[in-house]
Amino acid sequence: YLKHLSSTLKNYELTVLNQIDGIAAITKNDAVIFKQSGCYKTLTDISFGVDIESYTLSDIIPSPDLFHIGAMNWLPNLQGIKWFLDNVWHLIHKENAEVKLVLAGRTMPQWLLQSDYPNVQILGEVENAISFIQAHGIMIVPIFSGSGIRIKIIEAMALGKVVITTNIGAEGIHYTNNINIIIANNIEEFKTAVIELIQNPEKQKRIAQNARKLIEKEHDNNILIDKLLVFYQQLMKEDTL
């Protein structure tokens with residue numbers, strides 16, 4: 001049934017691609033997909049933005065732990081966390097038995113709630129996502145499927161957090177690996193990234209500061225609104241030709 005729904009939705013989207021004035025895709029990759037799907041209308045890419053002033057950097061020193069926040073009824077999140085727990089976590093715990101992993105997000109599955117992974121705390125849905133992110137150290141986002149942009153990664157970077165994720169997880173972000181984010185695509189890379197950050201607080205601080213600067217530069221709502229207005233003006237000019 002889900003395959004039928006997805007196929008029907010895809011067919012509908014393809015039929016309406018050229019019935020609209022223009023498309024503002026959320027990533028460059030998405031814009032390319034629209035073009036490859038036969039869209040000949042005006043295209044641009046305008047990323048997800050935040051009200052940067054609402055994401056204030058906390059003066060409180062966060063716990064030196066790992067954390068993840070995301071809804072567990074979204075399959076890529078669920079698959080990624082299970083992969084991390086089953087393949088990476090025991091290697092990290094073997095090298096540093098004190099490090100802790102905190103998981104937050106709605107719809108935690110029963111198998112996870114009933115699990116006994118060492119030093120893993122499962123909170124479920126939290127009252128305030130920003131406060132939760134501020135209170136913890138290094139964000140892990142092991143994502144291996146899906147597309148688009150990960151809002152929680154943008155929010156964590158805006159709050160001055162180091163994020164370890166995959167190429168897919170960082171899609172839509174104009175990052176520089178090991179400068180403002182850390183990319184890890186397999187077991188060894190994830191383990192090494194975590195251990196190095198825990199052992200090197202200065203590196204963690206530097207990447208966190210650069211992450212904030214990147215969001216200020218490219219994901220501030222004020223900047224993106226200006227881009228959107230220029231796009232609208234372009235469409236209006238084309239409409240009068």
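- Taken from CD1 in I69 to CD in E155, the straight-line distance is 8.0 Å, to the nearest 0.5 Å.
- Using a 4.5 Å cut-off on side-chain heavy atoms (C-beta onward), L91 and F190 make no contact.
- Here the side chains of S37 and I33 are in contact, with some heavy-atom distance below 4.5 Å.
- For K205, there are no salt bridge (Lys or Arg N to Asp or Glu O under 4.0 Å) partners at least two apart in sequence or on another chain.
- Note: the hydrophobic cluster containing I181 also contains I151 (ILVMFWY, side chain heavy atoms under 4.5 Å, direct or indirect links).
- Annotation for S145 and Q79: closest pair OG-OE1, 3.8 Å, computed over non-hydrogen atoms.
- Applying the ring-ring contact (aromatic ring centres under 6.0 Å, His included) rule to pairs touching residues 46-79 yields F67-F132, sequence neighbours excluded.
- Nearest heavy-atom pair across M139 and I153 is SD-CA, 4.4 Å.
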Without placing hydrogens or testing angles, list every side-chain donor-acceptor pair under 3.5 Å for residues 16-26, not counting sequence neighbours.
unit_1	atom_1	unit_2	atom_2	d
N18	OD1	Y40	N	2.9
N18	ND2	G38	O	3.1
Q19	NE2	T15	O	2.8

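- Note that OG1 of T176 and CG of N210 are 9.0 Å apart. Values are rounded to the nearest 0.5 Å.
- Smallest separation of non-hydrogen atoms from F84 and P142: CB-CG, 4.0 Å.
- Contact of the I140 side chain with the V88 side chain is not registered, since no non-hydrogen atoms from C-beta on lie closer than 4.5 Å.
- N87 contributes no side-chain N or O that, together with a main-chain N or O of I187, makes up a donor-acceptor pair within less than 3.5 Å.
- Between L43 and A31, the shortest heavy-atom distance links the atoms CD1-O, 3.7 Å.
- Remark: E188 engages T192 in a side chain to side chain donor-acceptor pair (under 3.5 Å) (not counting sequence neighbours).
- Residues satisfying the salt bridge (Lys or Arg N to Asp or Glu O under 4.0 Å) criterion with E216, sequence neighbours excluded, are R212.
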Show the atom names and distances, to 0.1 Å, of all donor-acceptor pairs under 3.5 Å that link a side chain in residues 156-167 to residues at least two apart or in another chain.
unit_1	atom_1	unit_2	atom_2	d
K161	NZ	I133	O	3.4
K161	NZ	Q134	O	3.2
K161	NZ	H136	O	2.5
T165	OG1	V141	O	2.6
T166	OG1	I143	O	2.4
T166	OG1	I168	N	3.4
T166	OG1	G169	N	2.9
N167	OD1	Y175	OH	3.4

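- In this structure the side chain of L214 reaches within 4.5 angstrom of the side chain of I173, judged on heavy atoms.
- In this structure the side chain of P109 reaches within 4.5 angstrom of the side chain of L78, judged on heavy atoms.
- Residue pairs meeting the salt bridge (charged side-chain N to carboxylate O under 4.0 Å, His left out) criterion with at least one member in residues 121-130: none, sequence neighbours excluded.
- Residues H219 and I149 meet the side-chain proximity criterion, which asks for heavy atoms closer than 4.5 Å.
- Q234 CD to E238 CD: the interatomic distance, rounded to the nearest 0.5 Å, is 5.0 Å.
- Counting all heavy atoms, side chain and backbone alike, I207 lies closest to N180 at CG2-C, 3.7 Å.
- Q110 pairs by the side chain to side chain donor-acceptor pair (under 3.5 Å) definition with Q114, not counting sequence neighbours.
- Here the straight-line distance linking atom CD1 of I182 with atom CD1 of I138 works out to 7.5 Å at 0.5 Å rounding.
- One distance of note links CE of M72 with CD1 of I81; it measures 4.5 Å at 0.5 Å rounding.
- In this structure, the side chains of L229 and I225 come closer than 4.5 Å at one or more pairs of heavy atoms.
- When side chains are defined from C-beta on, I52 does not count as touching N221, because their heavy atoms never get closer than 4.5 Å.
- Annotation for A71 and N77: closest pair O-ND2, 3.1 Å, computed over non-hydrogen atoms.
- The aromatic ring centroids of F144 and W83 lie less than 6.0 Å from each other.
- A donor-acceptor contact shorter than 3.5 Å is absent between the side chain of S7 and the backbone of H4.
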List the atom pairs, donor and acceptor, that lie under 3.5 Å between side-chain atoms in residues 95-105 and the rest of the protein, sequence neighbours left out.
unit_1	atom_1	unit_2	atom_2	d
E95	OE2	K191	NZ	3.3
N96	OD1	E98	N	3.0
N96	OD1	V99	N	3.3

Taking it one step at a time, do E218 and S47 satisfy side chain to side chain donor-acceptor pair (under 3.5 Å)? CA-CA 8 Å; E218 297 199 3; S47 191; over 6 Å; no

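- The neighbour count for K203 NZ, taken as heavy atoms of other residues, nucleotides or ligands under 6.0 Å away, is above 12.
- Transitive grouping of hydrophobic side chains (ILVMFWY, heavy atoms separated by less than 4.5 Å) keeps I46 and I215 in distinct clusters.
- Residue-environment remark: NZ (K227) exceeds the threshold of 12 foreign heavy atoms within 6.0 Å.
- Note on V230 and I223: separate hydrophobic clusters, where clusters join Ile, Leu, Val, Met, Phe, Trp and Tyr whose side-chain heavy atoms are under 4.5 Å apart, directly or indirectly.
- In the hydrophobic cluster analysis, where Ile, Leu, Val, Met, Phe, Trp and Tyr join through side-chain heavy atoms closer than 4.5 angstrom, L197 is grouped apart from I183.
- Remark: E13 pairs with no residue by the salt bridge (Lys or Arg N to Asp or Glu O under 4.0 Å) rule, at least two apart or across chains.
- From L235, atom CG reaches atom CD of Q233 across 10.0 Å, with rounding to the nearest 0.5 Å.
- Within the structure, salt bridge (charged side-chain N to carboxylate O under 4.0 Å, His left out) pairs that include any residue of residues 68-83 comprise K82-D86 (at least two apart or interchain).
- Under the rule for a salt bridge (Lys or Arg N to Asp or Glu O under 4.0 Å), the partners of D45 that lie at least two apart in sequence or sit in another chain are K28.
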Determine, step by step, whether I130 and S54 satisfy the side chain to side chain contact (heavy atoms under 4.5 Å, CB included) criterion, reporting the C-alpha distance in whole Å, the side-chain angles of both residues, the deciding distance to 0.1 Å, and the verdict. CA-CA 9 Å; I130 290 179; S54 299; 5.6 Å; no

